[in-house]
Amino acid sequence: MAEKEFRILSRGGQGAVTAAQILVEAAVIGNKYAQAVPNFGQERKGAPVYTFARLSHEPIQSHTYVYEPDIVVMFDPFLMELGIDPLEGIKDDSILIINDKELPDKLEGKFKKVGLIDAWGITHEMIGNVPPNAAMLGAIAKTTGLLEIEDIVEAILDTMGEKIGKINAECAKEAYERTVIYEG
């Protein structure tokens, strides 16, 4: 696998920074190199948060933000109404994973592949009113094929502990199964 770069777009309190850390741990479990680069603007709940990650089979040399993502992960489509452009810097073959019930018109036909997941719905159904990061991790694994869901589950359990991790791991597996993928 050539190095893959992620731009993760969220709002404060949605768990994207934790998701990036778990993504990195899952990659390491799967014998890959990985890094997460969080970027905090206004450190408050609801403020836009950009988080970046990289996965590779080779050591990663770059430690900068991601300007031309292979994968864009949107925890909240409302970010577009705040002026955040998920299309910024994308490549012809970029992938989108979005937490929504349907793909916003502005994004139709812009990505090579789209993984659509109602991460809020699954999370509320299975866990309650908590961030949708576990569900988003399941959707990332399903859509990209870069990580095994078993590695995501193990990383969630390692990071969150047995009690909280178990239900979050189940949530990630459920999201993996429910992610709808569109290509082309």
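Below, all heavy atoms of this structure are taken into account, side chains as well, without hydrogens, waters or symmetry copies.
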Side-chain polar contacts of residues 77-88 - donor-acceptor pairs under 3.5 angstrom, sequence neighbours left out - could you list them?
from, atom 1, to, atom 2, distance (Å)
D85, OD1, L87, N, 2.9

Closest non-hydrogen atom pair, L137 against A19: CD2-O, 3.4 Å
Within-4.5 Å side-chain heavy-atom neighbours: I90 and L96: no
Residue pairs involving residues 108-136 (criterion salt bridge (Lys or Arg N to Asp or Glu O under 4.0 Å); sequence neighbours excluded): E125-R178
Flag side-chain contact, heavy atom, 4.5 Å: F75 against L9: no
Just list the side-chain donor-acceptor pairs under 3.5 Å for residues 25-33, sequence neighbours left out, or say none.
from, atom 1, to, atom 2, distance (Å)
E25, OE1, T159, OG1, 3.2
K32, NZ, L146, O, 3.4

Qualifying salt bridge (Lys or Arg N to Asp or Glu O under 4.0 Å) pairs, either residue in residues 64-77, two or more places apart: R11-D76, D70-K91
Pair listing, salt bridge (Lys or Arg N to Asp or Glu O under 4.0 Å) test, anchored in residues 157-171, at least two apart: E170-K173
Counterpart residues, side chain to side chain donor-acceptor pair (under 3.5 Å), relative to K142 (two or more places apart): none
Spacing of D151 atom CG and I22 atom CD1 [to the nearest 0.5 Å]: 13.5 Å
With F52 via ring-ring contact (aromatic ring centres under 6.0 Å, His included) - residues at least two apart: Y65
Least distance between heavy atoms, P38 atom then T51 atom: CA-CG2, 4.1 Å
Pairwise side chain to side chain donor-acceptor pair (under 3.5 Å) hits with a residue in residues 93-104, at least two apart: none
ring-ring contact (aromatic ring centres under 6.0 Å, His included) partners of H124, counting only residues at least two apart: W120
side-chain contact (heavy atoms from CB on, under 4.5 Å) assessment of I71 paired with T143: CA-CA 10 Å; I71 298 122; T143 306; over 6 Å; no
Verify same cluster id: L103, V180 (apolar side-chain graph, 4.5 Å): yes
Counterpart residues, side-chain contact (heavy atoms from CB on, under 4.5 Å), relative to A135 (two or more places apart): A119, T123, C171, A175
Shortest non-hydrogen separation from I152 to A141 and the atoms involved: CG1-CB, 4.1 Å
V114/L107 under side-chain contact (heavy atoms from CB on, under 4.5 Å): CA gap, chis, key distance, verdict: CA-CA 9 Å; V114 174; L107 301 179; over 6 Å; no
Name of the residue among I8, V49, N133 meeting side chain to side chain contact (heavy atoms under 4.5 Å, CB included) with V17: V49
Within one Ile-Leu-Val-Met-Phe-Trp-Tyr cluster: I95 and I181, side-chain cutoff 4.5 Å: no
Heavy-atom closest contact (S62 atom, I60 atom, distance): O-CG2, 3.4 Å
Atom pair CD1/CD1 of I156 and I167 - distance to nearest 0.5 Å: 11.0 Å
Within residues 46-62 or reaching into it, pairs that qualify as salt bridge (Lys or Arg N to Asp or Glu O under 4.0 Å) - sequence neighbours excluded: E3-R54, E5-R54
Distance-minimising heavy-atom pair for I149 and G138: CD1-CA, 4.0 Å
Closest approach of Q35 to V24 (non-hydrogen atoms, all atoms of both residues): C-CG2, 3.3 Å
Ring pair (Phe, Tyr, Trp, His ring centres under 6.0 Å): pairs with one or both residues in residues 145-184, sequence neighbours excluded: none
Sub-4.5 Å side-chain heavy-atom contact between I97 and T179: no
